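Because only heavy atoms are used, hydrogens play no part in the values below, and waters and symmetry mates are left out as well, while side chains stay in. None of these values were measured; they are calculated from a predicted model.
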Amino acid sequence: MRPSAVKGTYDVLPDDQPRWHALLATTRRILGRAGVDEISTPVFEHSEVFEKSVGESADLVVQKEMYRFEDRGGRSLTLRPEFTAGVLRAFIEHGMHTWPAPVKLWSAGPAFRAENVQRGRFRQFHQVNCELVGGASALLDAEAIALLVDVLAGLGLRGVHVKVGSVGDPEDRQRYNAYLREALEPQAEALSEVSRERLRLNPLRVLDSKDAGDQALLAPLQRPLERLGGEARAHFDAVTAVLEAWGVPFEIDASIVRGLDYYRRTAFEVHHAGIGAQSALGGGGRYDGLIAQLGGPDVPGIGWAFGIERVFDALSGAGVAAAARERPLAYLVALDETAVAELAQLARALRSEHRIEHGYVARNPGKGLRDADRSGARLAVMRGSRERADGTFQVKDLRSGEQHTVPEDALAEHLRRSATGTTTDTDAALAG
RNA sequence: GUGGAUGUAGCUCAGCAGGUUAGAGCACCGGAUUGUGGUUCCGGGGGUCGAGGGUUCAAGUCCCUUCAUCCACCCCA
């Protein structure tokens with residue numbers, strides 16, 4: 001048996017690295033201009049950080065999907081299933097509530113959930129996460145949503161659907177659950193099996209049913225958005241008004257639902273057709289009260305995350321070109337044993353300025369040029385007994401086929417001239 | 001946890017109603033070309049046919065079991 005990566009994990013091979021770098025560079029640029037700074041937190045935390053954050057209603061299912069383990073000291077640790085809890089832990093730990101508000105933080109990296117895999121769903125997956133902490137204004141909600149849209153647009157993604165709703169305040173949610181139960185329980189027999197189960201455990205999720213019969217039963221009922229309390233309603237109206245004023249395209253989703261307890265008021269999702277059943281690229285919401293729940297000061301906040309793999313899926317489906325791996329400027333070809341050592345040393349010197357590769361063994365010119373060609377190098381620099389006798393190199397342009405005899409002391413300048421005025425594919429992608 | 005599809009070379013896949021030495025393209029190695037690459041031509045290496053069991057004179061092909069992958073359901077931070 002050949003070894004294989006753990007189920008739900010995968011390798012990012014060299015050819016795939018440029019698009020990761022490009023994604024992170026674009027994210028950094030766009031969020032940075034909005035005053036969002038990067039923070040890196042550990043991939044694991046004390047288990048209680050995540051347990052406290054998810055609350056009670058979600059614990060049954062959600063905790064089963066956390067990678068939890070004990071270290072040698074008997075501490076219970078958990079691989080992060082999401083970023084928010086860890087970032088807020090850091091916010092509390094470093095007293096960031098004393099920093100100028102709002103504190104804006106983004107992160108990127110792996111997260112872990114013990115779920116069954118399918119398209120767009122992995123056990124180790126990657127997210128870009130953004131938190132705006134320390135503001136209750138609807139302006140902050142709008143900015144969060146706009147930033148998510150801006151980043152995805154900056155990556156070249158089109159066809160993104162932004163859905164904005166509100167889960168209300170905790171009282172609203174309780175009231176709505178009661179309303180749903182009251183309305184649906186009398187006709188529970190008519191509901192699908194799945195929805196009946198949901199009605200029992202988490203009534204809000206009945207709204208997500210894909211069953212046509214269920215939707216017919218739901219049709220006459222009011223959505224959560226229509227039963228918001230006065231303050232939550234005013235907040236929601238303010239958020240949508242700002243988004244409209246800013247020209248951020250969105251649609252109101254009256255039945256948007258969150259699995260976790262900690263969400264308050266604004267909730268939003270970004271979807272894309274053509275990435276399979278898991279059509280959400282990302283989402284987020286307001287979580288006033290969560291920081292206090294984690295043991296910190298009572299500071300409001302809002303955040304979002306998007307799945308990097310899903311964005312790549314959407315991008316490749318849309319035919320957005322991926323950047324290519326960086327190519328060497330020159331590949332050095334040793335035509336005899338003496339040249340092998342000479343070129344290894346030469347490569348070291350030239351690498352202060354360029355990407356230079358060589359083959360570590362002597363080759364005849366045919367093989368050597370083939371090696372050079374496969375490396376993707378623009379130039380092949382050849383050295384053998386003849387060149388050594390003359391104190392020169394043969395430098396061949398692998399695209400034009402032009403070949404020059406270049407004196408030893410002119411080589412560095414020759415390479416420099418070849419390199420200028422051109423950019424690598426990667427540079428071009430990053431600049432874009 | 002459930003359902004469907006698929007497991008044959010490094011990769012993408014053929015392989016007929018069971019029948020000799022299991023194929024192709026790409027990739028890799030060598031030669032044409034012992035100091036000139038990419039194209040072309042010729043040749044070559046490489047497979048426990050996912051694994052285990054069964055049926056049969058004979059199994060990549062049929063049956064059972066198991067594992068893996070993909071997609072979907074469930075769930076979704």
For this session: May I ask you to decide if Ala280(A)'s main-chain N or O and Arg310(A)'s side chain share a donor-acceptor pair within less than 3.5 Å?
Result: yes
Problem set entry | Cys130(A) vs Val128(A), side-chain contact (heavy atoms from CB on, under 4.5 Å): CA-CA, chis, key distance, verdict | CA-CA 7 Å; Cys130(A) 180; Val128(A) 168; 5.9 Å; no
Exercise. Counting only Watson-Crick or G-U wobble pairs whose two distances fall under 3.5 Å, which nucleotide matches C26(B)?
Worked result: G10(B)
For this session: Taking all heavy atoms of Ile30(A) and all of Gly154(A), pick out the closest pair and write down the distance.
Result: CD1-CA, 3.8 Å
For this session: Please list residues of residues 76-92 of chain A whose heavy atoms come under 4.0 Å from any atom in RNA chain B, ordered by number; otherwise none.
Result: Pro81(A), Glu82(A)
Exercise. How far, in whole Å, is A22(B) from A51(B) if one measures between their P atoms?
Worked result: 16 Å
For this session: Just call it for Ser385(A): base, sugar-phosphate, or nothing, with non-hydrogen atoms closer than 4.0 Å on any strand.
Result: base
Problem set entry | Asp373(A) (side chain) and G38(B) (base): donor-acceptor pair under 3.5 Å | no
For this session: Have a look at Arg388(A) and tell me which of Glu337(A), Glu342(A), Glu408(A) forms a salt bridge (charged side-chain N to carboxylate O under 4.0 Å, His left out) with it.
Result: Glu342(A)
Exercise. How does protein contact run along nucleotides 25-34 of chain B, one letter per nucleotide 5' to 3', with B for base contact, S for sugar-phosphate only, - for none, heavy atoms under 4.0 Å?
Worked result: ---SSSS---
For this session: Mind telling me whether Trp20(A) and Phe312(A) have parallel, tilted or perpendicular rings, with 30° and 60° as the class edges?
Result: perpendicular
For this session: Pick base, sugar-phosphate or nothing for Asp371(A), based on heavy-atom distances below 4.0 Å to the nucleic acid.
Result: nothing
Exercise. Taking a pair as Watson-Crick or G-U wobble with both distances under 3.5 Å, which nucleotide is matched to U2(B)?
Worked result: A72(B)
Exercise. In whole Å, what separates the C1' atom of A59(B) from that of G15(B)?
Worked result: 14 Å
Problem set entry | Spacing of the P atoms in G60(B) and G53(B) (rounded, Å) | 14 Å
